[in-house]
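Bear in mind the structure is a predicted one, so any value in this text is a computation, not a measurement. Hydrogens, waters and symmetry mates are skipped; everything else that's a heavy atom, side chains included, is used. Every chain is numbered from 1, with letters handed out A, B, ... down the list of sequences.
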Amino acid sequence: MYSYTDFDERFVRARIDEFRGQVARRLDGSLTEDEFKPLRLMNGLYLQLHAYMLRVAIPYGTLNARQMRQLAYIADRWDKGYGHFTTRQNIQFNWPKLHDVPAMLDALADVHMHAIQTSGNCIRNVTAGHFAGATPDEVEDPRITAELIRQWSTDHPEFAYLPRKFKVAVTGSDKDRAVLRFHDIGLRLRKVADEIGYEVVIGGGMGRTPMIGKTVRDFLPKKDLLAYLEAILRTYNLSGRRDNKYKARIKILVHETGLEELKARIDENFAQQKRVLPDVAPDVVARIAGDFLDPVFKTDPVQQLTFSPALQAFIDTNVTPHKRADHVSVTISTKATGATPGDVTSGQLLVLGDLAERFGYDELRISHEQNVILPHVHRNDLPAVYEKLQLAGLATANVGLISDIIACPGMDYCALATARSIPIAQQIGETFADLDAQHDIGPLKIKISGCINACGHHHVGHIGILGLDRAGVESYQLTLGGDGTEEATIGTRTGPGFAYDEVVPAVERLIKAYLALRHGPEETFLAAYRRLGIAPFRAALYEVRDAAA
Amino acid sequence: MARPFAPKVATANHLLEGDVIYYSRPGWTRELSEATVARSPEEAEALLREASGFPLETVGVVLTDVTLENGVPTPAHFRETFRTRGPSNYFHGKQAGHV
Ligand code: SF4
């Protein structure tokens, strides 16, 4: 867990006091809304469809029990008793009142959290793989790098007014759990001849123009990280377009300039940076790394337990191997049947905090798939953890299955939305509620966005669903074959869109077609799609519909 | 051919509460049915100007199309329908009474 210095504490408190003053000046009329809006956004406060929304940063998705409990307290005290975990590992409160927000920020600061840089054209919360520090396949805990970047980028004066928002993700292993190639900058830790460094990927993104990031450096030594990031950001800040917000992301700059030319500009800038910016100091990295040391793991011998069928099903889907054989990582799904993906009640937040404290070495993670992770759990504690999750309605054994859906808030909350996404997710969850059937269908990722901004990652859904407004009616465009892992693929549009009540039947037809076409249960939906191409799935989607018309 | 004029109301979010409000001359209401309706482009322009004069109560004043049912304004677009109700996943927002 990162640690706040006295400086951090003073800085965050000063920002809250400043914001308290800004709110007061807005309310007494000394600030106009045009003046106030950028100030509130800098503090994570949006105005949505029905209310304000406060977006709180969870650095690289890492929380401790005390923080989780404080989120529960905030949800109860100033909101409607729940929070919403986002695809950027943050949490959003959907119902704050303007005059309560400074107090909410104070409550966050009490547990070393804030909402700074969760909005605006700045470097946003740095995300990282959610099994960081626990998975057996990583070169190094990516949170050390993510924290270094967080410290460097927080309130960085040069990068406070970029052409557009800027998102960085870090992964510590070859297995990409952070959707690396769809970020403005993706960093993959790798080891070459005993030296650890980074593959640097730039220009990925989703939104209106999805692009897969391109490798701009195969291997960047660790000591050069900040100078190289400054070089990328500076090049982007100078050359990125500001005339059209849809063309302002770095992906467009990469696309329009060409990777080689841009690389040359970055390298030139990097050479200049190297002259003025010192290498990343080993003692700074060592201090940060000291905040991410392993806990003192229990060493009790693993008991040979007999699990109930329900617990075994949970283990099959929600439990993943740990770097220690006697431990596991437990993924807690927020997608119970009919639930809103990412939503967790205050009572559940409290349970999660308790579980982390009792069984999880005080560590929790939020995944970009809107689930919560206990990264370190001793195998002997699995039955107790499962029992407590069951009591809290958090034991759904569906991680990675069809009902483990990503959905953005869509038009139920978001002012930018063109259609709803949450009820589509709920309906799919209800239609495929039977867990045995879900296990039979196997691994499948459905991702839903309520507009072209693609916060629900629909471009990388095995089945992607994008809600649009077609002549005043909600219409949903389907894409197939997307993949947000290291095999980064943008989904292909199937064809004409589907009306709101046609979406679930369309998904059912896709699943039926897949089950009929697959080479046995070991061939996943994505594998079958890759083998067969889109044609048979298109036929399943449209021939039936057209025949019925 | 120019589209026929659609009746309009002025709507915004409440500065403190953040919830949806409608201009109902000479003040604001939380009920679309009580909103003042503009029935011509000239009336719409005047309505927007008038509704924009409450910076301490409102954020983001805009005009939005409505359909008149027995003279009472109702939403012309699904987004406005949701704004009159609240989210569909919880019984929160206007549908549950005051935010
Ligand atoms: S994808 Fe669109 S609707 Fe969904 S949260 Fe993002 S901006 Fe809002």
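- Neither the backbone nor the side chain of A:Val23 comes within less than 4.5 Å of any heavy atom in chain B.
- Shown here for B:Thr58 and A:Arg26, the closest heavy-atom pair between the two residues is O-NH2, 3.4 Å.
- Nearest heavy-atom pair across B:Phe82 and A:His50 is O-CE1, 3.0 Å.
- At most 12 heavy atoms of other shown residues, nucleotides or ligands fall within 6.0 angstrom of atom OH in A:Tyr246.
- Looking at A:Ile422, the atoms closer than 4.5 Å to chain B (heavy atoms on both sides) all sit in the side chain, from C-beta outward.
- Looking at A:Glu474, the atoms closer than 4.5 Å to chain B (heavy atoms on both sides) sit in the backbone and in the side chain alike.
- Relative orientation of the A:Trp95 and B:His92 rings is perpendicular, given thresholds of 30° and 60° on the angle between their planes.
- When the candidates A:Asp100, A:Thr418, A:Leu27 are compared by the number of heavy-atom contacts under 4.5 Å with chain B, A:Leu27 comes out ahead.
- For the atom pair CG (B:Leu15) and NE2 (A:His99), the distance works out to 9.5 Å, reported to the nearest 0.5 Å.
- Below 4.5 Å, heavy atoms of chain A meet heavy atoms from B:His77, B:Phe78, B:Arg79, all part of residues 69-79 of chain B.
- Within the 4.5 Å cutoff, no side-chain heavy atoms of A:Leu98 are placed close to those of B:Glu17.
- Interatomic distance, B:Asp19 CG to A:Leu47 CG, rounded to the nearest 0.5 Å: 10.0 Å.
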Checking side-chain contact (heavy atoms from CB on, under 4.5 Å) for the pair A:Lys97/B:Leu16: CA distance, chi angles, key distance, verdict? CA-CA 6 Å; A:Lys97 307 281 196 284; B:Leu16 261 183; over 6 Å; no
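- Only the backbone of A:Pro96 comes within contact range of chain B, with at least one heavy atom under 4.5 Å from a heavy atom of that chain.
- Across all their heavy atoms, A:Tyr413 and B:Asn89 have their closest contact at OH-OD1, 2.8 Å.
- With B:Tyr90 as the fixed residue, the side-chain hydrogen bond (donor to acceptor under 3.5 Å, both in side chains) test singles out one of A:Asn94, A:Asp412, A:Asp343: A:Asp343.
- Proximity to chain B is absent for every atom of A:Ala425, based on heavy atoms less than 4.5 angstrom apart.
- Using a 4.5 Å cut-off between heavy atoms, A:Tyr82 contacts chain B through its side chain alone, with no backbone atom that close.
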